[in-house]
Amino acid sequence: MIKKKKKLNFAIIGCGKVMPKHAEAIKSCEDAELYAISDIVEENVKNMAKKYNVERYFTDYKKMFELKEIDVVCICTPSGLHAEMTIDCARAGKHVLCEKPLAIKKEQLNSMIKACEENGVKLGAVFKNRTFSGAREAKRILEEGRLGKIYIADGYCKEYMSPEYYKSADWRGTWAMDQCWESEG
């Protein structure tokens with residue numbers, strides 16, 4: 001007898017600009033369900049709950065963790081909040097898929113990884129570029145062996161963020177919520 005795979009119940013923290021991408025991706029998977037959402041702005045979370053037909057919504061994401069059915073949490077909040085929220089998810093026993101950057105300080109990233117390891121949950125980072133046509137084509141060419149045996153590779157991806165991007169949210173481009181650590185050496 002073949003056992004049917006359990007659906008993964010997802011929750012999303014943050015109902016801003018990127019949240020619909022996560023909601024649509026979850027809704028498109030037959031083995032996943034958008035189970036709950038959270039946002040500190042009640043109007044935002046109510047609107048998204050209605051749009052995506054989600055019965056369980058919260059203005060306090062920690063209250064959402066009382067739902068034992070949640071397996072995975074997508075963190076779609078300002079970058080400066082990722083570390084604290086990821087650690088809270090891990091302590092609640094929830095796997096995490098976090099928007100980029102995972103953290104704005106190296107110490108935060110290390111704490112996130114440690115919390116996930118200690119609590120036996122997985123931590124994933126969103127990396128949208130891997131699904132772009134050029135990346136998929138490069139993967140296909142490599143898998144077909146058309147470039148021979150690869151011994152070393154390096155890549156560089158330069159992205160431009162317009163002034164409109166930074167104007168789209170008060171936290172974007174700020175030291176408190178969007179800075180990344182300086183490189184060592």
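- The side chain to side chain contact (heavy atoms under 4.5 Å, CB included) search around A125 returns L102, not counting sequence neighbours.
- Sorted by first and then second residue, the salt bridge (charged side-chain N to carboxylate O under 4.0 Å, His left out) pairs involving residues 70-98 (not counting sequence neighbours) are K6-D71, K62-D88.
- E164 pairs by the side chain to side chain donor-acceptor pair (under 3.5 Å) definition with S162, not counting sequence neighbours.
- Grouped with I141 in one hydrophobic cluster are L142, L147, I150, the linkage being side-chain heavy-atom contacts under 4.5 Å among Ile, Leu, Val, Met, Phe, Trp and Tyr residues.
- Sorted by first and then second residue, the pairs that involve residues 135-148 and meet salt bridge (charged side-chain N to carboxylate O under 4.0 Å, His left out), not counting sequence neighbours, are E137-R140, K139-E143, R140-E144, E144-R146.
- Hydrophobic cluster membership for V41: I40 (Ile, Leu, Val, Met, Phe, Trp, Tyr linked by side-chain heavy atoms under 4.5 Å, directly or transitively).
- Remark: K114 engages E118 in a side chain to side chain contact (heavy atoms under 4.5 Å, CB included) (not counting sequence neighbours).
- Checked against ring pair (Phe, Tyr, Trp, His ring centres under 6.0 Å), Y61 has the following partners two or more places apart in sequence or in another chain: F65.
- Legend: residues meeting side chain to side chain donor-acceptor pair (under 3.5 Å) with K51, ordered by chain and number and at least two apart, are absent.
- Applying the side chain to side chain contact (heavy atoms under 4.5 Å, CB included) criterion to A83, with sequence neighbours excluded, gives Q108, M112.
- Applying the side chain to side chain contact (heavy atoms under 4.5 Å, CB included) criterion to H22, with sequence neighbours excluded, gives I12, V18, C74, C76, L97, E99, V126.
- Y57 is linked by a side chain to side chain donor-acceptor pair (under 3.5 Å) to nothing, counting only residues two or more places apart in sequence or in another chain.
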